[in-house]
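Okay, structure first, notes after.
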Amino acid sequence: MAAHPHGSTMGTPDQHGQTLAPTPLWAVNAFSFFNSFGTGVITTGIYLVTSNTYEFSRTMNYILGVVTGVIYVAASLGTGKALGFLRRRGLPVTGRRVLAVLMVLLAAACILPITGMTLQDPAPGERPSSWPVWAMILVYIPLTGALWPIVESYVSGGRRGSVLRGAMGWWNFVWSAATAVAFVAAAPLIKDKAPLMILLLGGVHVLAAMALPWFTPDPARHDDAHETHPPVYERLLVTFRILLPTSYIFHTALQPFLPEAMKTLRIPLPWQPIVLGVFAVARSSTFLAAGRLHAWHGRWSTPVVGGSLMFAGFTASLLSPLVPVTGSTLPGILVLVGGLVVFAVGMALIYTAAIYYAMMVGRSEVDAGGKHEALIGVGYTVGPLCGLVPSWAIERGSLKETVFEPFVLISVGLVGLLAAALVIRRVWKHGRGEGSRPEERAGVR
């Protein structure tokens with residue numbers, strides 16, 4: 001049966017046969033804002049904490065990154081299967097109840113660093129044992145791997161077409177903006193009072209739980225009898241599942257490079273967070289625009305544009321310290337800022353399309369969100385792995401320190417070239433002969 005020609009929301013049966021309307025978007029966005037506030041600081045800012053408070057070496061930070069990525073992938077992929085297993089055993093498991101339990105556990109995990117610091121009571125200048133932060137990571141990261149696939153199923157459940165794209169646009173804007181706000185708010189504490197900062201972030205998860213009463217017991221699902229999607233969506237989904245982890249590999253490789261680049265360009269320290277903030281603003285703005293301007297979906301030009309912008313922005317940012325100057329670093333600074341903006345736009349386009357097709361093809365199941373998040377976890381694993389190998393070799397004396405950055409960037413570049421070859425092949429194979437708007441022929445808008 002053909003789908004309704006316009007985007008829509010609809011009530012669908014839950015696991016007990018009851019009809020569920022989509023959860024109000026404002027409730028999901030409020031819940032996501034607070035959770036992204038917490039998870040963004042801990043998953044990305046944890047390296048500042050381990051370096052300053054626990055004196056991790058570069059190699060140990062890369063080991064932490066690889067461990068974090070592997071755990072996140074496993075948790076993301078296992079969430080849907082675990083929920084299905086519990087329900088088949090007749091347990092009264094609902095998405096809302098699971099989210100409530102996750103909030104309690106995430107808040108509890110945030111207590112571990114300050115508890116460990118209190119138990120150790122290190123003398124001034126003495127390095128504290130790192131077991132509390134490792135314990136927190138081993139608890140916190142798998143919980144976030146379970147959290148976001150469920151949240152994504154609530155965002156998309158019962159929504160389709162233009163309504164789903166609009167909802168995804170606002171949701172992507174909210175979580176990405178929350179991450180940017182969180183870093184500004186956490187900056188005064190992240191260096192000298194990291195355990196206290198993490199404890200306060202636990203309170204943020206408690207605040208997030210206040211939105212749960214407005215959630216439906218389970219995410220609404222697409223009705224299989226009435227929902228269709230064009231076949232091109234499945235082919236585009238595979239293409240974006242190549243680009244998505246690649247974009248996060250690039251992102252994790254670029255992050256440790258930027259401080260040195262800004263130092264070379266003589267950007268004053270107070271201005272450096274503003275330069276980094278340009279990326280966050282550009283990404284959030286692109287998310288919002290993609291939710292309102294729908295020309296990108298169903299088109300083979302989108303992966304080409306998104307991938308090209310990502311590669312171009314990464315390359316410009318990387319080469320910005322080498323821009324020829326005559327006594328002024330302004331040209332290099334402009335190239336860096338412009339590169340970050342272009343990279344952010346490309347990365348946001350890739351993320352937007354990847355999650356949209358995942359939810360349309362996967363009918364908003366938790367497993368669909370789990371696969372999406374697992375691919376992000378792959379990016380967060382391979383990126384640090386590219387740095388771990390040379391860092392470990394340098395510590396052993398097998399490589400010189402001067403080869404570290406070239407080694408990382410060449411490794412990432414090879415991954416990028418492989419991804420580009422696969423995407424170009426798919427666009428050439430499937431893009432020809434497809435209409436510019438194949439979804440219109442299938443009745444989906």
Side-chain angles (χ1 to χ4, degrees), residues 28 32 35-36 39 43 66 68-87 95 98-99 102 141-160 164-165 167-168 171-172 175-176 218-222 224 227 229-252 287 297 302-303 306-307 347-383 415 418-419 422-423 426 430:
V28 182
S32 300
N35 277 298
S36 187
T39 60
T43 57
V66 172
T68 296
V70 170
I71 293 174
Y72 192 83
V73 170
S76 299
L77 290 176
T79 298
K81 295 179 176 61
L83 292 178
F85 175 81
L86 294 174
R87 285 168 176 167
V98 172
L99 289 178
L102 288 175
I141 294 302
L143 294 175
T144 61
L147 168 67
W148 292 115
I150 300 174
V151 173
E152 287 160 3
S153 67
Y154 270 102
V155 177
S156 59
R159 298 181 173 94
R160 56 173 298 280
L164 175 57
R165 292 191 293 275
M168 282 291 182
W171 181 72
N172 287 332
W175 70 253
S176 59
D218 282 299
R221 294 178 58 189
H222 293 311
D224 292 350
E227 287 299 309
H229 61 263
V232 71
Y233 277 23
E234 297 180 16
R235 294 191 286 273
L236 283 166
L237 174 60
V238 174
T239 304
F240 279 103
R241 280 182 169 171
I242 296 171
L243 286 171
L244 182 64
T246 304
S247 70
Y248 276 88
I249 293 170
F250 275 40
H251 186 49
T252 54
F287 281 144
H297 80 286
T302 304
M347 191 176 183
L349 279 175
I350 291 168
Y351 184 97
T352 297
I355 193 170
Y356 174 71
Y357 295 128
M359 288 305 174
M360 285 294 290
V361 174
R363 294 186 173 87
S364 298
E365 295 281 1
V366 173
D367 278 339
K371 292 175 183 177
H372 174 81
E373 292 297 323
L375 288 170
I376 293 174
V378 169
Y380 275 120
T381 303
V382 176
V415 173
L418 175 61
L422 291 173
V423 169
R426 289 189 60 80
H430 298 296

Checking Leu99 against Val151 for the side-chain contact (heavy atoms from CB on, under 4.5 Å) test, could you report, in this order, the C-alpha distance in whole Å, the side-chain angles of both residues, the deciding distance, and whether it holds?
CA-CA 8 Å; Leu99 289 178; Val151 173; 4.3 Å; yes
Give the intermediate values and the outcome of side-chain contact (heavy atoms from CB on, under 4.5 Å) for residues Leu236 and Thr302.
CA-CA 9 Å; Leu236 283 166; Thr302 304; over 6 Å; no
Exercise: identify the closest heavy-atom pair between [X] and [Y]:
X	Y	result
Ala167	Arg159	CB-CD, 3.8 Å
Leu243	Gly307	CD2-CA, 4.3 Å
Ala75	Ala146	CB-N, 4.3 Å
Arg241	Ala358	NH2-CB, 4.0 Å
Arg426	Ile242	CD-CD1, 3.9 Å

Do [X] and [Y] come within less than 4.5 Å of each other through their side chains, counting heavy atoms only?
X	Y	result
Met168	Ser156	yes
Thr79	Glu373	no
Leu147	Asn35	yes
Pro303	Phe240	yes
Asn172	Ser176	no

Identified side-chain contact (heavy atoms from CB on, under 4.5 Å) counterpart of Tyr248 within the set Val378, Val382, Ile376:
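Looking at Val378, Val382, Ile376, the match for Tyr248 under the side-chain contact (heavy atoms from CB on, under 4.5 Å) is Ile376.
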For Tyr351, which of Trp171, Phe287, Tyr356 qualifies under ring pair (Phe, Tyr, Trp, His ring centres under 6.0 Å)?
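That would be Phe287; it is the only one of Trp171, Phe287, Tyr356 passing the ring pair (Phe, Tyr, Trp, His ring centres under 6.0 Å) with Tyr351.
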Please confirm whether the backbone N or O of Ile141 pairs with a side-chain atom of Thr144, one donor and one acceptor, at under 3.5 Å?
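Pair found, side chain donor or acceptor close to backbone of Ile141.
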Report the C-alpha separation of Asp218 and Arg87 in whole Å, then their side-chain angles, then the decisive distance to 0.1 Å, and conclude whether the side-chain contact (heavy atoms from CB on, under 4.5 Å) test is met.
CA-CA 12 Å; Asp218 282 299; Arg87 285 168 176 167; 2.6 Å; yes
How long is the span from the [atom1] atom in [X] to the [atom2] atom in [Y], to the nearest 0.5 Å?
X	Y	atom1	atom2	answer
His251	Met347	NE2	CE	5.0 Å
Ser153	His372	OG	NE2	12.5 Å
Met359	Leu237	CE	CG	10.5 Å
Thr239	Leu244	OG1	CG	12.5 Å
Thr39	Leu143	OG1	CG	11.5 Å
Leu375	Tyr380	CG	OH	13.5 Å

